[in-house]
Amino acid sequence: MAIQPQAPYRAWRDPALSAEVRVDALIREMTLKEKVAQLFGVWVGASDEGAEVAPHQHDMEAAVDLDDLLPDGLGQLTRPFGTVPVDPAVGALSLMRTQARITAANRFGIPAVAHEECLAGFAAWGATAYPVPLSWGATFDPALVREMAAAIGRDMRNVGVHQGLAPVLDVVRDARWGRVEETIGEDPYLVGTIATAYVQGLESAGVVATLKHFAGYSASRAGRNLAPVGMGARELADVILPPFEMAVRESGVRSVMHAYTDTDGVPSAADDRLLTGLLRDTWGFTGTVVADYFGIAFLKTLHGVAGTLGEAAGAALAAGVDVELPTVKAFGAPLLDAVGQGHVPEELVDRAVRRVLLQKTRLGLLDPDWSPVPPALRDADTTAGPDALRGTIDLDPAANRELAGRMAEQAVVLLRNDGTLPLDPGTPRRIALIGPNSEAPTAVLGCYAFPVHVGGQHPDIPVGIALPTLREALVAEFPGAEVLVARGTGIDDGGTEGFAEALDLARGADVVVAALGDRAGLFGRGTSGEGCDAESLVLPGAQSRLLDALLDTGTPVVTTLLAGRPYALGRAADESAAVVQSFFPGEAGTAAIASVLSGRTGPSGRLPVSVPRHPGAQPSTYLASRLGHSSEVSSIDPTPAFGFGHGLTYTSFAWSDLVVEDTEVPTDGEVRLALTVANAGDRAGTEVVQLYLHDPVASVVQPVQRLIGYVRLDLAPGERARIRSVVPADLASFTGRAGKRVVEPGELELRLGASSTEPRLTARVTLTGPVRQVDHHRRLHAGFEVLRHACR
C-alpha cells in the first residue's frame, strides 16, 4: 500500500496558534500583489440561476475581470444579495459557488468577506423590512434594537454574509439633509446608546458591524449631501464623536467606515489623526477601517488632495484605511505602481493586510475545516440545481414580522391629541383617508430598504414581502367603518387638481386621516434619502396646502406622517385633532399606525429629532447654546413645535418625591437621586424618564441642556415606580479651552423631564474641588434602578 505524502505544515492554517502568529506567518509567504488583493472588494450580483456571481457594472467603476484578479486572491465581495433581486436560497448557492472559485484560484485558499447593507434589515430580496434608524431612536429602547439587530445578523450569517454596513452614528445637525432617515437622532447620547445596542445584536450573530460615517458627515453645510463640513474641534469632540467612542468602547464592533466629507479642509479618508491617532491609538480600536464607496478615489476627483489614484491610495493607507470598497480602483494597479516606485512604503500595505487577515482568521475563514457552504444550505442538496432550492429559505418568517411589528409600534410618536384619539373601532362610520401615502405600499420604507433601493429598478419582479397600505390597515382595524380614499395630491406634485374630490370626502366623513410625508429614493428620485436634500422643511409638493384645506372643512383631521425627516406642519401643529408621526416604520408600519389610532396599542414613541415650527429655521437642534435659541435680535425663531423627546400617551403620569442624597459632590464623585413616577390614568402606558444636564456657568459655551440618561417605563393603570439613579460627575465633562475634556466645579441642574421641553423635576447640585481632566476611560452612563409598586 502506497503511503500518501503529508500536506506541508502551514502555520497560518493551525487553529491552535494565536490569530496573530497565524497571520504573521501567512504574510511572510505572500507577494505584494497577493497582499494588495486582500485590500479591495469587487461589486457583484448573485445569479438567480445559482451560477457564480457576476461583476456589477456601474457608471463610477471600470469593468472587472475576475479571471485576472482571483489568482492573487480577493478581500471582499460587495453586496452579492443586495445588487439584483435573487431568491435567497439561489443567492446563497451562487455565493457558495463563488467562494469555492475564489479559494480554488488563490494559492492560499483564502475566501472573501461578503458584505451587505443592513440599515433597516438585511437588504436582500424577500428579507424583512424593519423600521429605519430614526424609528429606532424613537423607541428609546436599546434592548429592543439589540433584539432586532440579532435577528438581522442571523439572517445574514445564515446565507453566507460576514459583514453588515450599519449602523449610522451621524448626529443630525440639519434636518434638511436627505440622510436624516438613516440616522438615530439629534442627540449624541441617544445615538450612542441605540447604535451600541444595534452593534451588540449584529455582532452576537457573528456578523461584523460597521460604524459609519466616521466622522462629521451629517454636519455638512446647508444640509447638502457631501458638502464641506466647517465645524470646530469642540463640536466634533462633544457632539459628533461621542457615539462612535461609546460604540468602540462597549459594543465589540469590528469595522469602521470613513466619511465622505472633509472637515476644515481635511477629508476623513486622509485624516491620520482621526483614523489612527484617535480611533486606534487613543480608543484602542483593533478592527478594519473600510472606505465608503469610491471614497478613496474621491481624494483625487472631489477633494483634490491627491493628483493621481496612486497618491490617493497612499494617503488613505497612511491615514488608516484598510479596505477599498465597493470595488478595486485606487488599491489596484495605482497602489502597486506607487509601492514599486517607492512612493508608498510597503509597510503600510503590510499594516492593512494584517488587520484584514486577522479579521478573516477570527471569522474562521482560514481554518482547515472552513467550508463555503453557508449554514442555510448545509442540509440541502446543492447539486440538485437552483429550482430545487428556490423558496426554501425564508428571510421574512413570522418571528421577524412580529419583531418588526413591535419595533414599528414602539416608534409611533403621538405629537398632539385633543381627545379625538383613540378612535373607538365601533364609532366612526366614515373615515376619509386622504393624501399621497394612503395607498402607496412603499410609503413605509426608507431608501436603503431593498424594494426601494434595488427593487425600483426591477418593476417586473414582485416586491418579495407583504407591504399593506394604510388603507388596507385601516380597513382591517376598523371593520365597521367605511374607509373612503382620495389621493388629493402626489408627494411632490405642485398641482391641486385632486383637492376637490378630497375635500368632498372630508366634509362627509366623521374623521379625516391625512396620510402625508415622503417618498424615499436615491439622488433626487425621492423626497428623502441619500442625495435627496430639502431646501426647507415645508412638506414636499402641495401637501401643506392640502392639509390646510382639510383643516378648513371643519371635520376633525388626524395628521399622519410617514416620513424620513421632521417637517414643519404650519397650522396643523395647533389645529389638527391629532398629529401622529412615523418615520418610515417598515413592513409592519401601517398596521402599527392603525393600532395606535384605534387604541389597541398605546403610543409610546418619543421624538428623536425636534419638529420645527417654521420650515426655514434650519440648521437647528435642541442642542443649542443660549444664542442658538429664540431672541429679540433675530427675526428667525428656531423654537420647535414639538421638542426632542416629546411624545404623548393615552394615559397620564404623575412625577413626585424627588430626593437627592447629597447636593454637594466632588468633581470625581457621583450624584444619587430618586423619584417616583405613577400611572395616574385608567390605561396602561409608557413613560420615558429623560435626564438632562444644564450647566449654568462653564469656561466655554455649552448647550442649554443635553441628554445624559433615560429609562423607559411600561406601567399598568395605578402602578408606580420608584426610580433610583446614580449620576457620575464624569457626565458633566466637556471639551475645555485647552482642547482637553474636563469636569469643572460649580452648580449644575439635573432636569428630569418627559422631553427636552417638558421638565418635571429638577435636582440642583454643586460639584466641588479642582478642575478634573478626564479621558476615554471616563464613565459614560447614569445608572438606573426601577422598583415597581401597585398604587395604594
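Note that this is a predicted model, so its numbers are computed, not measured.
Taking all atoms of both residues into account, the shortest heavy-atom contact from Gly495 to Thr489 is O-OG1, 3.4 Å. Taking all atoms of both residues into account, the shortest heavy-atom contact from Phe584 to Ser135 is O-OG, 4.2 Å. Nearest heavy-atom pair, Phe478 versus Leu597, reported as atom, atom and distance to 0.1 Å: CZ-C, 4.2 Å. The two residues Gln543 and Pro436 come nearest to each other via the heavy atoms OE1-CG, 3.7 Å. Contact detail for His453 and Cys447: the closest heavy-atom pair is ND1-O, 2.9 Å. Of all heavy-atom pairs between Glu186 and Val609, the closest is OE1-CA, 3.4 Å.
Taken from CD in Glu181 to CD in Glu530, the straight-line distance is 9.5 Å, to the nearest 0.5 Å. Leu569 contributes atom CG, which lies 6.0 Å from atom CG of Leu539 (distance to the nearest 0.5 angstrom). One finds the CG atom of Leu522 at 6.0 Å from the OH atom of Tyr448 (value rounded to the nearest 0.5 Å). In this structure, Leu93 CG and Leu377 CG are separated by 6.5 Å, a value rounded to the nearest 0.5 Å. A distance of 5.0 Å separates CG of Leu144 from CD of Gln410, quoted to the nearest 0.5 Å. Here Asp518 contributes atom CG and Leu562 contributes atom CG; the two are 9.5 Å apart, rounded to the nearest 0.5 Å.
No side-chain donor from either of Glu687 and Thr649 sits under 3.5 Å from a side-chain acceptor of the other. A donor-acceptor contact closer than 3.5 angstrom is absent between the side chains of Thr590 and Glu472. Checking Tyr650 against Asn417 by side-chain atom types alone, no donor-acceptor pair falls below 3.5 Å. Side-chain contact check for Ser47 and Ser94: no donor-acceptor pair (N or O, by modelled atom type) lies under 3.5 Å. For the residue pair Asn679/Thr651, the side-chain donor-acceptor check at 3.5 Å is satisfied. With no hydrogens or angles considered, no side-chain donor-acceptor pair links Tyr710 and Arg712 at under 3.5 Å. In this structure, a donor-acceptor pair under 3.5 Å is absent between the side chains of Ser204 and Arg146. A donor-acceptor contact closer than 3.5 angstrom is absent between the side chains of Thr183 and Asp170.
More than 12 heavy atoms of other residues, nucleotides or ligands lie within 6.0 Å of CG in Asp714, so this atom counts as buried by the packing criterion. For CZ of Arg429, the number of neighbouring non-hydrogen atoms (other residues, nucleotides, ligands) closer than 6.0 Å is 12 at most. Around atom CG of Asp418, more than 12 heavy atoms belonging to other residues, nucleotides or ligands sit under 6.0 Å away. Atom CD of Glu402 has more than 12 heavy atoms from other residues, nucleotides or ligands within 6.0 Å.
Among Val579, Leu414, Val580, Leu415, the single residue meeting the side-chain contact (heavy atoms from CB on, under 4.5 Å) criterion with Leu648 is Leu414. Of the residues Val512, Asp574, Val557, Leu546, the one that meets the side-chain contact (heavy atoms from CB on, under 4.5 Å) test with Leu551 is Val557.
Side-chain contact check for Glu182 versus Val132: every heavy-atom pair is 4.5 Å or farther apart. When side chains are defined from C-beta on, Glu116 counts as touching Pro80, because their heavy atoms get closer than 4.5 Å. Arg79 has its side chain out of reach of Pro326: every pair of non-hydrogen atoms, C-beta onward, lies at least 4.5 Å apart. Under the 4.5 Å side-chain criterion, counting only non-hydrogen atoms from C-beta, Pro167 is in contact with Leu211. Taking the side chain as every heavy atom from C-beta outward, Asp533 and Arg176 never approach each other to under 4.5 Å. Contact check for Leu202 versus Cys118: side-chain heavy atoms found under the 4.5 Å cut-off.
Classified by interplanar angle (parallel below 30°, tilted 30° to 60°, perpendicular above 60°), the ring pair Phe140/Phe644 is tilted.
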Q. Could you go step by step and tell me if Ser218 and Trp177 meet the side-chain hydrogen bond (donor to acceptor under 3.5 Å, both in side chains) rule?
A. CA-CA 7 Å; Ser218 59; Trp177 190 45; over 6 Å; no
Q: Verify side chain to side chain contact (heavy atoms under 4.5 Å, CB included) between Leu395 and Trp125, making sure each step is shown before the conclusion.
A: CA-CA 8 Å; Leu395 295 180; Trp125 186 85; over 6 Å; no
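In summary, Arg390 and Asp48 engage in a salt bridge, as defined by a charged side-chain N under 4.0 Å from a carboxylate O. Salt-bridge annotation for Arg545 and Asp548: absent, with no side-chain N of the basic residue lying under 4.0 Å from a carboxylate O of the acidic one.
Residues passing the salt bridge (charged side-chain N to carboxylate O under 4.0 Å, His left out) test with Glu49: none are found, sequence neighbours excluded.
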